[in-house]
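All values derive from a computational prediction rather than experimental measurement.
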Amino acid sequence: MIDYENLRKLNAPFEEEFQREFIEFLNSGWYILGDRTNLFEHEFSSYLNAPFCIGVGNGLDAMIIALNSLELPSGSEVLVPSNTYIASILAILKAGYKPVLVEPDIETYNIDPLRIEEFITEKTKAILVVHLYGKSCQMDSISEIASKNDLYIIEDCAQSHGSEFKGKKTGTFGVGCFSFYPTKNLGALGDGGAIVTHDESLALKFKTIRNYGSIRKYENDLIGVNSRLDEIQSCFLRVKLKYLDIINNHKRTLANIYFSHLTSDVIKPVEHKDFYDVFHIFNIRTNKRNELKEFLLKNDIKTEIHYPIPPHKQKAMKGVLHGSYPISEEIHKTTLSLPISYFHTESDVIKVCETINSFFR
Ligand SMILES: *Cc1c(COP(=O)(O)O)cnc(C)c1O
């Protein structure tokens, strides 16, 4: 059986280092906001080449805290891609703003820069871009639109740790919001997240809000929340961060096998020199998606669908999101995510390719 994901196998190479870090953590007796979280924040910001990184509880909170800190007028509109994972939309709602869905480019699966401007009104204050599947959005045209229209850029980097656009890392174009959910390219052994920024005063705000609005003990300057990156997760994340480029390179090697071995009966991700893609997900598209998924399972290959239901069709979004989003629906109907984890071998991927090719033959 080729699993789609297997967290035990994914983390097996790091177990000894995790154990060493855990014992040191245990001996320290310091469980919340200690040296290790501080060190991880510094190491991750230097990896990204951004001055400030603030660890928080998870990726959703990273986006909520980032959006809240902008203190936009209530009812402000925030543009967001219609095919994103629900978290990006929930963050806008929880921050008290209005999500306005913009269709993606059918080739990159990311927000289509050519469609953004038609949705800008006097209420639009920010764009929440999502670097979906590990590929950066087109950040030069998006940055240009944002500065022309005086919009903030918030980046959902939950799938794009280490991904680049024209040599610059995602998360450093606007305010970068990361998730360290275990399956992500940089995954903890539980929940975790971080916010990355160039703006020192915003950084101080994030740091204050994540801890009850307090920087000095028992002094509350802002209306905050409790969303701290757990010290124990910082231990594990410091280990994983050392291997992030190796993990990303392995996924890129597997992606290259998919690119060269897969039949042209399926639509593969676009490749372009502007994007350094980290393939959090390797998706293909085909009108025979459901039959192919079934066929692969019969041949002991597990796949996933990211995502089966678009946000505007979710029950929770009834009365909240309106309009029709045919491109998004087309992606949701035809996309299939193939195994591409750190533990998969080149021969696993060759087997997946051969099985897919035989389905179409
Ligand atoms: C995983 C993910 C999130 C949410 O991260 P959590 O840490 O689970 O809150 C947000 N956006 C995208 C695109 C994701 O893939």
Between [X] and [Y], does at least one N-O distance fall below 4.0 Å, as a salt bridge requires?
| X | Y | answer |
| --- | --- | --- |
| E155 | K168 | no |
| R216 | D221 | yes |
| E329 | K313 | yes |
| E71 | K205 | yes |
| E107 | R285 | no |

Y47 six-ring centre to K169 NZ/CZ under 6.0 Å and within 45° of normal
yes
Any side-chain heavy-atom pair of [X] and [Y] under 4.5 Å:
| X | Y | value |
| --- | --- | --- |
| K288 | F359 | yes |
| E294 | K298 | yes |
| F360 | L292 | yes |
| N283 | Y109 | yes |
| N256 | E271 | yes |
| P104 | Y325 | no |

Give the other cluster members for I145, using side-chain heavy-atom distances under 4.5 Å between Ile, Leu, Val, Met, Phe, Trp and Tyr residues; answer none if it is isolated.
L79, V100, V102, I111, I116, F119, I120, I127, V129, M139, I142, L151, I153, F165, F173, F275
Can you see which heavy atom on [X] is nearest to which on [Y], and at what distance?
| X | Y | value |
| --- | --- | --- |
| H131 | S136 | ND1-CA, 3.5 Å |
| R228 | I32 | NE-CG2, 3.5 Å |
| L229 | Q233 | CD1-CB, 4.3 Å |
| S341 | E5 | OG-OE1, 2.7 Å |
| R238 | R36 | CD-O, 3.7 Å |
| A158 | K184 | O-CD, 3.0 Å |

For a quick check under 3.5 Å, do E231 and T37 share a side-chain donor-acceptor pair by atom type?
yes
Check whether [X] reaches the backbone of [Y] with its side chain - one donor and one acceptor, N or O, closer than 3.5 Å.
| X | Y | answer |
| --- | --- | --- |
| K125 | P73 | no |
| D199 | V175 | no |
| Q159 | H280 | no |
| N211 | K207 | no |
| K251 | I340 | yes |

Could you tabulate the donor-acceptor pairs under 3.5 Å formed by side-chain atoms of residues 85-97, not counting sequence neighbours?
{"from": "S88", "atom 1": "OG", "to": "T84", "atom 2": "OG1", "distance (Å)": "2.6"}
{"from": "S88", "atom 1": "OG", "to": "Y85", "atom 2": "O", "distance (Å)": "3.2"}
{"from": "S88", "atom 1": "OG", "to": "D156", "atom 2": "OD2", "distance (Å)": "3.0"}
{"from": "Y97", "atom 1": "OH", "to": "L67", "atom 2": "O", "distance (Å)": "2.9"}
{"from": "Y97", "atom 1": "OH", "to": "L72", "atom 2": "N", "distance (Å)": "3.2"}

Between M63 and L321, is there shared hydrophobic-cluster membership here, with clusters defined by ILVMFWY side-chain heavy atoms closer than 4.5 Å?
yes
Can you tell me how the ring of [X] sits relative to the ring of [Y], calling it parallel under 30°, perpendicular over 60° and tilted otherwise?
| X | Y | result |
| --- | --- | --- |
| H332 | Y307 | tilted |
| F178 | H161 | tilted |
| F236 | F18 | perpendicular |
| F180 | F40 | perpendicular |

Which value, rounded to the nearest 0.5 Å, describes the distance between N83 atom CG and D112 atom CG?
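Taking CG in N83 and CG in D112, the distance rounds to 10.5 Å.
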Within the supplied structure, the quantity of interest is the number of heavy atoms (other residues, nucleotides, ligands) at a distance under 6.0 Å from F52 CZ; does it exceed 12?
yes
Please report whether the ring centroid of Y133 lies less than 6.0 Å from that of F282.
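No, they do not, as the ring centres are separated by 6.0 Å or more.
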